[in-house]
Amino acid sequence: MFQQLKRLQAFTQKNFPCLQSPIDRALIVEIGYCEEQGHPLTMKGLLLLKLGAPATVRRRLQRLVDLGLVHKRRVNHDGRLCHLEIDPAVRMRFAKYLKLILAL
């Protein structure tokens, strides 16, 4: 059991070194989930999830955007809104992560 957990920990450290806090991981999961459901998340929707203090959520999200893990895409019909999207490379790494977890 602990050997498998050690493999999981090594995979996480190798593939997701930029996800430093639980809020980073929660942001990726929530943005990806909403994107998967066909309802892309906006900043307002993200803040309504109450993952942390608004300033912290904004700061951590901007860090993920700067790292290229999350993209902000302007909405055509309303230039004030931005939809949040997960980078396809990050999506593929999380798919491998899920396979590893399911293999445990």
Side-chain angles (χ1 to χ4, degrees):
M1 173 174 76
F2 287 102
Q3 181 181 6
Q4 292 167 325
L5 291 173
K6 191 170 176 104
R7 281 182 49 219
L8 185 62
Q9 182 182 21
F11 182 90
T12 304
Q13 289 173 346
K14 178 183 174 192
N15 289 285
F16 305 111
C18 48
L19 299 181
Q20 299 172 344
S21 74
I23 291 179
D24 291 343
R25 289 184 281 281
L27 288 171
I28 294 285
V29 169
E30 292 297 337
I31 293 168
Y33 174 77
C34 288
E35 195 176 346
E36 233 176 30
Q37 298 300 311
H39 301 94
L41 207 51
T42 62
M43 179 57 83
K44 180 179 179 179
L46 188 62
L47 293 175
L48 289 174
L49 294 173
K50 299 192 184 280
L51 300 173
T56 301
V57 171
R58 283 189 188 96
R59 186 178 64 248
R60 300 309 292 185
L61 176 64
Q62 188 57 50
R63 184 178 165 280
L64 295 176
V65 168
D66 292 343
L67 290 170
L69 303 176
V70 174
H71 301 291
K72 291 181 178 180
R73 182 177 50 85
R74 292 257 179 226
V75 177
N76 290 336
H77 67 281
D78 188 348
R80 297 172 296 171
L81 291 176
C82 286
H83 284 161
L84 303 171
E85 300 173 341
I86 301 296
D87 186 75
V90 174
R91 186 178 295 282
M92 287 177 21
R93 281 190 271 164
F94 267 97
K96 289 180 185 176
Y97 184 63
L98 183 60
K99 284 182 185 177
L100 187 60
I101 290 173
L102 294 174
L104 294 179

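Keep in mind that the numbers below use all heavy atoms, side chains included, and drop hydrogens, waters and symmetry copies.
- Once rounded to the nearest 0.5 Å, the distance linking NZ of K96 with CD1 of I101 reads 14.5 Å.
- Minimum heavy-atom separation, N15 to R93: O-NH1, 2.5 Å.
- V65 is connected to V90 through a chain of hydrophobic side-chain contacts under 4.5 Å among Ile, Leu, Val, Met, Phe, Trp and Tyr, so both are in one cluster.
- Distance check: Y33 OH to H39 NE2 gives 10.0 Å after rounding to the nearest 0.5 Å.
- Across L19 and R25, no two heavy atoms sit closer than the pair O-NH1, 3.0 Å.
- No side-chain donor-acceptor contact under 3.5 Å links R80 to the backbone of R74.
- Salt bridge E35/R91: present, at least one basic N to carboxylate O contact under 4.0 Å.
- The hydrophobic clustering, which links ILVMFWY residues whose side-chain heavy atoms are closer than 4.5 Å, places I28 and L8 together.
- At a threshold of 4.5 Å between side-chain heavy atoms, the hydrophobic network of Ile, Leu, Val, Met, Phe, Trp and Tyr places L69 and M92 in two separate groups.
- Within the 4.5 Å cutoff, the side chain of L100 has heavy atoms near those of the R7 side chain.
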- Message: Using side-chain contact (heavy atoms from CB on, under 4.5 Å), reason through M43 and R58 one step at a time and then give a plain yes or no.
- Response: CA-CA 8 Å; M43 179 57 83; R58 283 189 188 96; 4.2 Å; yes
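- In this structure, E30 CD and L41 CG are separated by 7.5 Å, a value rounded to the nearest 0.5 Å.
- Under the 30°/60° scheme for interplanar angles, the aromatic rings of F11 and F16 are found to stand perpendicular.
- Using a 4.5 Å heavy-atom cutoff, the side chains of H83 and H71 are not in contact.
- Annotation for P17 and Q20: closest pair O-CG, 4.0 Å, computed over non-hydrogen atoms.
- Within 6.0 Å of atom CG in N76, 12 or fewer heavy atoms from other residues, nucleotides or ligands are found, so the atom counts as exposed in its surroundings.
- Looking only at side-chain heavy atoms (C-beta outward), R73 and L84 stay at 4.5 Å or farther from each other.
- Considering CG of L46 and SG of C34, their distance stands at 8.5 Å, rounded to 0.5 Å.
- A single hydrophobic cluster is seen to contain both L27 and L67, as judged by linkage of ILVMFWY side chains at heavy-atom distances under 4.5 Å, directly or through other members.
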- Task: Would you check, one step at a time, whether the test side-chain contact (heavy atoms from CB on, under 4.5 Å) holds for D87 with V70?
- Result: CA-CA 6 Å; D87 186 75; V70 174; over 6 Å; no
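- The shortest distance between side-chain heavy atoms of S21 and R60 falls below 4.5 Å.
- Linking ILVMFWY side-chain heavy atoms closer than 4.5 Å, directly or via other members, places I23 and L47 in a single hydrophobic cluster.
- Here the side chains of L61 and I31 are in contact, with some heavy-atom distance below 4.5 Å.
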